[in-house]
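A short write-up of the structure that comes next.
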Amino acid sequence: MSDASRKAGCGFCGKTIVQRPGGGRPRDYCDDSHRRRAQRKRDRELQAAVPQLSHRFFSVELNLRADELVTACFGDVPLDGILELAARIVDDAECVAAAAVADERSAGRTWVEIGAAARTSEGQARARWGGARSAQRLTAREPAPWAGQPHGPLPGVCGTATCPDRGARQAAAALGRALRTLREHSNVDLDHIAAEAGMPVFAVRWVLEGQVVVSWTATYTLVDLLGGRPGDLRLLWQSASKSVPRVPDPPCHGSQIAAGLRGARLAAGYPAAAAVCPPGLTEAEAEAVFDGRLVPEWSVLCEMLLWLGADPQPFKGLWAVHRAARGQGRST
């Protein structure tokens, strides 16, 4: 072996290491203390790369991705789309494990303990979940369709191509307000809701705060547990999670407009009809609009929505189709 082949730089300090003569694996570090310090440095890089994201966060995303796959399998999504979703679920599951390990390392758990929990060796656990490679995996993953992420935007994790737009974030916030209004009227305990819905308490809290949007199945369950009508919040959910494939609604556009209005009313704190009754519309007519017995002119409907602090855009297509079907702008 030549002198050059027996020399290498320490992975921590860069100092040249003269390898001992004979066989065996070449040394990468000056000593064990430099090896440990190098590992701690990689751990810090991992934590810096994925700030504020925990394995719990990723697990909720995994649930949303799984709901996408179920929808795709029962829809007309081609094979390549199903395979892509399945591959993302596999990657998400590995990200849950990597983030869980990062959380445990931050709490002071050793690689020996992590290896024991994973039923593998210390070295194998470190190689799988330690350092820059794991950080790159977490930062490179494509997020599931969210209306918002806990603790605000996270640079380096959610790029402009995958971050939800402003309308989706506003719809998620409105959906959360509507759910909170239902909870105020039902006075149901949060722990009870989480237990009945089969969701972690923190996930239910995020949904009610409008920070995150879960699958329609989970949203439906939450609304039902809170004593509301799931259909009233359907349009809000569709606006908040518009990138999620969904089963088409039945062609009852007048009923959908009324349901969407009731959802907007819940998001506004459920004001009295008189408080959102624009000029030219009586209080009785406003109640008829909320009940689905009357679909007003577009300008009147827009004014009602704006008074409720809602975005008229999601209603525009429904109103246009309803008008075309009825042949008039004001119908019963």
Side-chain angles (χ1 to χ4, degrees), residues 145-148 163-185 207-213 216 219 222-223 226 228-244 246 249 251-332:
W146 288 80
C163 277
D165 62 26
R166 182 180 179 183
R169 289 196 298 271
Q170 290 175 338
L175 179 61
R177 292 195 303 271
L179 289 168
R180 292 198 301 274
T181 299
L182 288 174
R183 189 190 172 201
E184 288 169 6
H185 283 82
V207 175
L208 266 62
E209 290 173 355
Q211 297 186 66
V212 70
V213 176
W216 172 242
T219 304
L222 290 175
V223 177
L226 291 168
R229 290 185 287 188
D232 291 356
L233 277 69
R234 174 78 173 179
L235 192 60
L236 279 174
W237 180 85
Q238 288 177 345
S239 299
S241 59
K242 61 183 182 180
S243 57
V244 180
R246 60 181 186 268
D249 289 315
C252 302
H253 302 97
S255 298
Q256 291 176 42
I257 291 171
L261 274 167
R262 291 193 295 269
R265 191 179 186 180
L266 285 169
Y270 205 80
V276 293
C277 185
L281 201 69
T282 67
E283 184 177 347
E285 287 177 320
E287 288 289 4
V289 172
F290 284 119
D291 291 342
R293 293 178 284 115
L294 172 68
V295 178
E297 294 286 351
W298 175 244
S299 59
V300 176
L301 181 61
C302 274
E303 199 163 351
M304 289 184 70
L305 288 166
L306 292 174
W307 283 24
L308 289 168
D311 181 10
Q313 189 60 37
F315 291 80
K316 193 170 185 179
L318 290 173
W319 185 88
V321 173
H322 176 81
R323 178 187 177 92
R326 296 287 183 175
Q328 57 184 14
R330 186 183 182 91
S331 62
T332 56

Enter the distance from [X]:[atom1] to [Y]:[atom2] here, rounded to the nearest 0.5 Å.
X	Y	atom1	atom2	value
L318	L235	CG	CG	6.0 Å
L301	F315	CG	CZ	7.0 Å
R177	R180	CZ	CZ	7.0 Å

Beyond-backbone contact of [X] with [Y], side-chain heavy atoms, under 4.5 angstrom:
X	Y	answer
T181	H185	yes
L175	S239	no
L306	E303	no
W216	R234	yes
V207	L179	yes
V289	L261	yes

Shortest non-hydrogen contact from [X] toward [Y]:
X	Y	result
L308	A264	CD1-CB, 4.0 Å
W307	C277	CZ3-O, 3.3 Å
A258	D291	CB-C, 4.2 Å

Contacts of E283 that satisfy salt bridge (charged side-chain N to carboxylate O under 4.0 Å, His left out) - sequence neighbours left out: none
Under the salt bridge (charged side-chain N to carboxylate O under 4.0 Å, His left out) test, residues paired with D232 that sit two or more places apart: R229, R262
Residues M304, F290; criterion side chain to side chain contact (heavy atoms under 4.5 Å, CB included); working and verdict: CA-CA 10 Å; M304 289 184 70; F290 284 119; 3.9 Å; yes
From CA spacing to verdict: side chain to side chain contact (heavy atoms under 4.5 Å, CB included), L294, E285: CA-CA 7 Å; L294 172 68; E285 287 177 320; 4.0 Å; yes
Aromatic ring pairing W319/W298, orientation class (parallel under 30°, perpendicular over 60°, tilted between): tilted
Side-chain ion pair, R265 and E287, N-O less than 4.0 Å: yes
A178: partners by side-chain contact (heavy atoms from CB on, under 4.5 Å), with sequence neighbours left out: L233, L236, L266, A267
Any donor-acceptor N/O pair, D311 side chain to Q313 backbone, under 3.5 Å: yes
